[in-house]
Amino acid sequence: MSFALSSPASVTHGLNLAQQEAVNYMHGPCLVLAGAGSGKTRVITHKIGRLIQSGLSANRIAAITFTNKAAAEMRERAKGLIGKAAKDVLICTFHALGVRMLRQDGSVLGLKPAFSILDTDDVTSILKDAGGTVDAATARQWQWTISAWKTAGLNAVQALAEAADDNQRTIATVMGRYEERLTAYQSVDFDDLISLPLKLLQNHEQVRQKWQRLMGHILVDEYQDTNATQYDMLKLLVGGNPAGQARFTAVGDDDQSIYGWRGATLDNLKKLPIDFPALKVIKMEQNYRSTSAILRAANNVIGPNPKLFPKTLFSELGEGEPVRVVDADNEEHEAERAVARIQSLRAAGAEAAAAPGRPKQGTDPSGGSAAHAVASVGAQFRDFAILYRANHQAKPFEKALRKANIPYKVSGGQSFFDRAEIRDLCAWFRLWANNDDDPAFLRAVTTPKRGIGHTTLGTLGVYASQYKLSLFEALFSSSLGAALSTKALGSLHEFGRYVNDLEFRARHTEGADNAAEFLREWLKEIDYEKHLHDGEESEKIAAAKWTNVLEFCDWMAQRCGGQIDDVAGVTEREVKNLLEVSQTIALLSTISEREKDQNVVTLSTLHAAKGLEWPHVMLVGVTEGMLPFKMGDGNTSGVGADSLGGSSKADEAAHEDMATRLQEERRLMYVGITRAQRSLAVSWTKRRKKGRELVTALPSRFIAEMGLNQATAKEDPREKLRALRAEFALKAQASAAAAAQTR
């Protein structure tokens, strides 16, 4: 245990009163309403320390969040505060917790410990097969519907019973076949990582009691993003105590609930005081991120939304720069103005940085930096973000930034694990870990090609389906020879023996050096580098793919050596074998080490920007129809009302849905505003592209709701940049003249 935990006062040192109250309340259900920038991660990590200090074993504390990146950050901060004890705390995502539960206790549901976790492409492929379609768009539509049903806790039989029309009945039927295939493949999808653990807790008392004993205190980050299934799971995990003594801390902000489209529901906030009447509610309203001008705009925007727990953010960082509104003729003009703003703030920052008495950075109780005294001191490219509602809005900004030679990255772009070459290797790893994983089998057996054609695989598939076997099981069946030629059967047997050999070798390969050597040898055995070059006309692209492969294998080897924390929340840095490491691959979405500290402008959707912050933010494309998004769609005019002028139930439902959508869009605007630390500009276009046409656009209603001083809130960055350049030129002339006089 580190020195930091020597006394209660040391754990809460530097926290404000609300943060201290949240950290010190440990013996019952607690809801911490953490406004944007109020230091929620700091509170969670300090509360972990306080719980350990109070005598609770570190291995009985679980901190659950929503992304691997957030879990990794929390793990590092806990380690910095608590020291060695942090390695025993379970800090992971909901999905990683689900994996842990299913690996340990999934056998009661018929799952073997080495089950596979399917990615989105695998699911689409299986649904196409189950539904008898070759159209990926149709399969993806089915996927969304099935995911929504699973999130709501429905299986295929229940979904069919509740289906509202023929289309839903068709999807429910496909869902039934999809469930059968997952069972046969010993595989689960991401929704199952929540729904199946819930079934474990609901239907198996011994398993429920075991996990309730393990969970001495649960901390849930971003609680407003939980869906109905996750809430039910949380209730059962803390259900070992009476409701008044349920030991959990939910940390969230109803004003930042922006994931309704994927099942997150504010009903979970409404249910807490009902299900847990002794719930302690603590509001954290002091913001350590943004200036008062920015927070005032944020509070004004979110004001019209109905409040579950009213709160108002405030800041002691000073008034700061006024929020600017920038209008533009069209998207290209808007992008030019954004670039001019970046250049002008950097130019102003360069001058301020050269001036004597430049302010130094400090720290604050949010855990971040507090260099707000001068809005643009030493502005780097990494200090700027351009945020928008939809991905397609990035294009004109990319063009303008390239033209100005400004480096940038598009956040939320293709994941490293979505690259074809990485998915190829992951298919092999999945097959080692779970021979019954048919999607992994089909990818591995054909990548690289090994003389096993589609006809052979088709025959094998029919045979496996007929006898209800996985493809790998079927290829060793004694009667398969009656359906295949001797040559085809020999090729399949050779592949099967090779996979078994790889599985054995991977199970007995431990440590970074051994894993690296094994992976290099394996890539040579399957001649994967040649496969990449054969598949690409461009040598440069093939070489880049091979570099990705080598980097990925090096990363896998490091995990075998225990150099990187395990994504499932096991933070002990013990040596692992390659087979163990392979089983965690499907839970990963990025290699975070690739993203470290690039000095580039960030382009990002508002959804992807949640949880992040930048000194200078530009919200762009803030027009009606984009933000809020397409609020004109749907029936809001009362069409369909009966002859007496009353509203039908369908109309009432449409109006209610429209109101709910508008509230979420307003929260999205609020999230965008509160990403800004020092300066914020909001831009809109008088005309925008709709298809191939230019249509008239209006500023978003949210701009008016920000309540800005119209006399000072508009600016033209190009004029400001020209003025700065002229000012610099005059100063340069004056300096030259002064130098001439001293000669």
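Just so you know, residue 1 is the first one in the sequence shown, and it goes up from there.
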Does any part of the side chain of [Y], heavy atoms only, come nearer than 4.5 Å to the side chain of [X], both counted from C-beta?
| X | Y | value |
| --- | --- | --- |
| Arg423 | Asp119 | yes |
| Thr605 | Arg389 | no |
| Arg666 | Glu705 | yes |
| Ile386 | Gln393 | no |
| Tyr223 | Val251 | no |
| Asp225 | Phe94 | no |
| Glu319 | Thr291 | no |
| Tyr388 | Leu603 | yes |

Item to check | Within 45° cone and under 6.0 Å: Arg559 NZ/CZ vs Trp555 ring | outcome: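 So Arg559 does make the cation-pi contact.
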Item to check | Arg346 NZ/CZ over Phe381 ring centroid, <6.0 Å and within 45° of normal | outcome: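 Geometry flag: set, cation within 6.0 Å and 45°.
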Item to check | Asp424-Tyr528 side chain donor-acceptor pair, cut-off 3.5 Å | outcome: yes
Next on the checklist: When you compare the side chains of Glu222 and Gln224, does any donor N or O come within less than 3.5 Å of an acceptor on the partner?
Outcome noted: yes
Checklist entry - More than 12 heavy atoms of other residues, nucleotides or ligands under 6.0 Å from NZ of Lys283: is that the case? => result yes
Ignoring hydrogens and geometry, is there a side-chain-to-backbone donor-acceptor pair from [X] to [Y] under 3.5 Å?
| X | Y | value |
| --- | --- | --- |
| Arg667 | Ile258 | no |
| Thr65 | Asp221 | no |
| Glu665 | Phe629 | yes |
| Asn299 | Leu313 | yes |
| Gln19 | Gly14 | no |
| Ser290 | Leu295 | no |

From [X] [atom1] over to [Y] [atom2], what is the distance, rounded to the nearest 0.5 angstrom?
| X | Y | atom1 | atom2 | value |
| --- | --- | --- | --- | --- |
| Trp546 | Glu551 | CH2 | CD | 13.5 Å |
| Ile673 | Arg296 | CD1 | CZ | 12.0 Å |
| Leu606 | Leu619 | CG | CG | 6.0 Å |
| Asp554 | Leu519 | CG | CG | 9.5 Å |
| Arg337 | Thr685 | CZ | OG1 | 11.5 Å |
| Trp684 | Leu698 | CH2 | CG | 7.0 Å |

Checklist entry - Taking 4.0 angstrom as the limit, do Arg678 and Asp383 come out as a salt bridge? => result no
Checklist entry - Are the charged groups of Arg701 and Glu624 less than 4.0 angstrom apart, N to O? => result yes
Checklist entry - Would Glu536 and Lys545 count as a salt bridge (charged side-chain N to carboxylate O under 4.0 Å, His left out) if you check the C-alpha gap in whole Å, the side-chain angles of each, and the deciding distance to 0.1 Å? => result CA-CA 10 Å; Glu536 289 291 343; Lys545 288 188 172 187; 2.7 Å; yes
Checklist entry - What's the verdict on side-chain contact (heavy atoms from CB on, under 4.5 Å) for Leu627 and Leu668, showing C-alpha distance, side-chain angles and the deciding distance? => result CA-CA 8 Å; Leu627 185 65; Leu668 199 55; 4.3 Å; yes
Next on the checklist: For Arg382 and Lys409: C-alpha separation, side-chain torsions, deciding distance, then whether side-chain contact (heavy atoms from CB on, under 4.5 Å) applies.
Outcome noted: CA-CA 10 Å; Arg382 66 169 64 88; Lys409 68 174 180 180; over 6 Å; no
Next on the checklist: Between Val323 and Ile294, is the side-chain contact (heavy atoms from CB on, under 4.5 Å) condition met? List the steps.
Outcome noted: CA-CA 6 Å; Val323 176; Ile294 292 168; 4.3 Å; yes
Next on the checklist: Is there a salt bridge (charged side-chain N to carboxylate O under 4.0 Å, His left out) between Asp253 and Lys40? Walk through the geometry before answering.
Outcome noted: CA-CA 10 Å; Asp253 181 6; Lys40 68 179 178 64; over 6 Å; no
Item to check | Verdict with supporting geometry, Arg687 and Glu693, salt bridge (charged side-chain N to carboxylate O under 4.0 Å, His left out) | outcome: CA-CA 10 Å; Arg687 290 180 296 279; Glu693 296 181 7; over 6 Å; no
Item to check | Any residue meeting ring pair (Phe, Tyr, Trp, His ring centres under 6.0 Å) with Tyr408, in chain and number order, not counting sequence neighbours | outcome: none
Of the non-hydrogen atoms in [X] and [Y], which two are nearest, and what is the gap between them?
| X | Y | result |
| --- | --- | --- |
| Ala298 | Tyr670 | O-CD1, 3.3 Å |
| Ala385 | Trp614 | CB-CD2, 3.3 Å |
| Ala63 | Met74 | CB-SD, 3.8 Å |

Checklist entry - Using 30° and 60° as the class limits, which term best fits the ring planes of Tyr259 and His607: parallel, tilted or perpendicular? => result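 Tyr259 vs His607 ring planes: tilted.
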Next on the checklist: Under the side chain to side chain contact (heavy atoms under 4.5 Å, CB included) test against Ser683, which residue among Glu334, Met618, Arg324, His333 passes?
Outcome noted: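 Only one option passes, and that is Glu334.
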Item to check | Derivation of the side-chain contact (heavy atoms from CB on, under 4.5 Å) call for Lys311 and Met284 | outcome: CA-CA 8 Å; Lys311 65 181 181 305; Met284 296 194 337; over 6 Å; no
